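I have placed the structure first, in the form of structure tokens, so that the comments after it can refer back to it.
Below, chain A is the first sequence line, B the second, and so on; all start at residue 1. From a predicted model like this one, the values you see are computed outputs, not experimental measurements.
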Amino acid sequence: MKTDWLPAAPLTINWAVTNKCNFKCGHCYSRADPFDELDPDVLHTCIERVARSGILSVNFGGGEPLLRKDLMDLAAHASQEGLRVSMNSNGYLIDTDNARELKKNGFSKIGISIDSHKPEVHDSFRGVRGSHERAVKAIYYLNEAGIETSISSVICKINHNDIDPLTDFAVHMRVKQLNVHNFKCSGLGYSNKDELDLTSDEWRQFYIRALEAKQKTKDIDISLDDPIIALLGAGKGDSMVKGSVCGKLSLNIKTNGDITPCGFIPIVIGNIVRDDLKDLWKNSPVLEKMRNKIPTGKCVQCSKFDDCLGGCTARAIALTGDMNNPDPHCWRNED
Amino acid sequence: MKIFRNPDVMWREEDEYKKQALDALEKDDEAADIGTSILYYDGRMLTLNILGTEVWKRCDGRTLDEMVSELIEVFDVSPQVLLKDAAAFLDEMKEKGLISCED
Ligand code: SF4
């Protein structure tokens, strides 16, 4: 298929519905954001417009989405409009009753953040004692309610040597997927990067182990969304999208309606209340630039550029200010 | 054998590309390279060309023979070639877990 193929609209939207949170994570990208939220009526209209643009799914996030009082209404509305609804949650507020409510109101999939198989490591990283236990229970309740579950783990100093026990834990929890997220250095993640981020060699070693774990684990899918694994000869799975998917398959909407290419890139390209989503998708100069990255520095000579496209755009912007610069996590030596 | 789409797979047709493919077929040009629909599942994406799309749309309980007898009206190829191409496409979809078959 041609590589310049661009769908008429994003396939999916990551939608922050609130920036309120009951956790104190040191890598958070949304706690530094403004707290203004769209009114329910406005949000309902925006959901209708998103559905009419041909978008297939919305993934609610934040913040902790369950702190938004009308979350169930939003989900039910999105689902009625034909959208597949999912969310990312820390799981703290999920119990048997609201797990059933979540199912009833259209949630088909929920990702729970758990960064370590060790409760004390997760609790200290998330800043709330007992959060691991509550997250484990949340997965249990959601599985019982018939919602597909996944575990999302942010890889950093606290867990980079633990991919095998983390995988065993995810299998034991009967989740469908383990989503391994690279550390992005956005929001508070930037302020705490010296303490939390890995060196490029540590990333290399982590991905070698993670790819081995992915290969030998048949019970769950381990999803590695980092373009720089191209350096290890690995693809990102069954997808024709090269480099980051942001701006090519997905967009991000903030609580105030501002649209950004992804939650970790603070460049506002429009607002869902006033702008036409398909028009932005087609004509935004920022998206255009992201889709046509120009290799610079060590990427110029890199044989993997066609697959990696310079790595994670969010990280290049956060740490160098220029999306065309090589991903700072990349371990490839300069020629 | 009845063939069904996996209900977990989200999909949509891409109108602009579909028009391009139909125009190409009209002029006897190559259309196999033009993605006219998009499948999205487990965070993965797959594009289908016009033949794949038309077969995919019919995976609602129809059999391969039923699909071929309908599609022979749309594509200017022999029934044997169409049957072979559609069967190969369905094998690939089955291997990826995107369709299921029922007797
Ligand atoms: S040098 Fe650039 S293109 Fe090559 S792997 Fe590193 S970031 Fe990717």
Side-chain angles (χ1 to χ4, degrees), chain A residues 1-14 51-59 79 82-86 88 108-109 111 146-150 152 175-181 220-226 235-242 244-246 248-250 278 281-282, chain B residues 4-25 27 29-57 59-60 75 85-86 88-100:
Chain A
M1 218 59 74
K2 287 175 183 164
T3 49
D4 57 358
W5 195 90
L6 180 72
L11 301 188
T12 189
I13 298 278
N14 291 309
R52 252 180 275 128
S53 308
I55 284 147
L56 301 169
S57 64
V58 286
N59 182 52
S79 178
L83 294 160
R84 201 72 64 91
V85 186
S86 61
N88 286 342
S108 59
K109 221 172 170 180
I147 295 177
E148 188 182 305
T149 50
S150 61
S152 293
V175 296
K176 186 164 182 214
Q177 229 170 13
L178 172 62
N179 297 310
V180 171
H181 298 292
I220 52 164
D221 178 29
I222 301 180
S223 146
L224 306 167
D225 65 353
D226 199 328
K236 291 188 297 127
D238 195 1
S239 168
M240 62 181 253
V241 178
K242 307 290 185 193
S244 304
V245 296
C246 327
K248 295 170 200 157
L249 296 187
S250 60
K278 280 170 97 167
W281 179 253
K282 218 169 158 185
Chain B
F4 294 92
R5 288 187 292 273
N6 177 338
D8 290 340
V9 179
M10 296 174 257
W11 64 282
R12 72 170 185 232
E13 284 194 275
E14 291 286 329
D15 296 340
E16 210 171 295
Y17 289 108
K18 184 176 174 180
K19 192 174 166 297
Q20 271 181 31
L22 290 173
D23 286 351
L25 287 178
K27 291 186 215 139
D29 284 347
E30 192 54 67
D33 242 12
I34 304 172
T36 63
S37 68
I38 189 160
L39 273 48
Y40 187 50
Y41 57 102
D42 289 339
R44 299 183 175 110
M45 171 185 117
L46 190 68
T47 53
L48 306 181
N49 64 19
I50 185 107
L51 173 64
T53 303
E54 292 305 321
V55 173
W56 173 257
K57 279 157 63 181
C59 293
D60 53 4
F75 296 100
D85 288 353
F89 169 77
L90 289 169
D91 282 347
E92 199 188 320
M93 293 291 107
K94 194 163 179 219
E95 201 171 305
K96 291 182 194 299
L98 304 180
I99 56 164
S100 63

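Partners of B/Asp85 under the salt bridge (charged side-chain N to carboxylate O under 4.0 Å, His left out) rule, at least two apart in sequence or in another chain, do not exist in this structure. The salt bridge (charged side-chain N to carboxylate O under 4.0 Å, His left out) check on B/Glu92 picks up nothing, with sequence neighbours excluded.
In this structure the side chain of B/Trp11 reaches within 4.5 angstrom of the side chain of B/Arg5, judged on heavy atoms.
Using a 4.5 Å cut-off between heavy atoms, B/Asp15 does not touch chain A at all. Residue contact with chain B, scored on non-hydrogen atoms closer than 4.5 Å, involves the side chain of A/Asp221 exclusively.
Chain B forms more heavy-atom pairs under 4.5 Å with one residue of A/Ser150, A/Ala8, A/Ser223 than with any other, namely A/Ala8.
The existence of a salt bridge linking B/Asp23 and B/Lys19 is confirmed by a sub-4.0 Å separation between a basic side-chain nitrogen and an acidic carboxylate oxygen.
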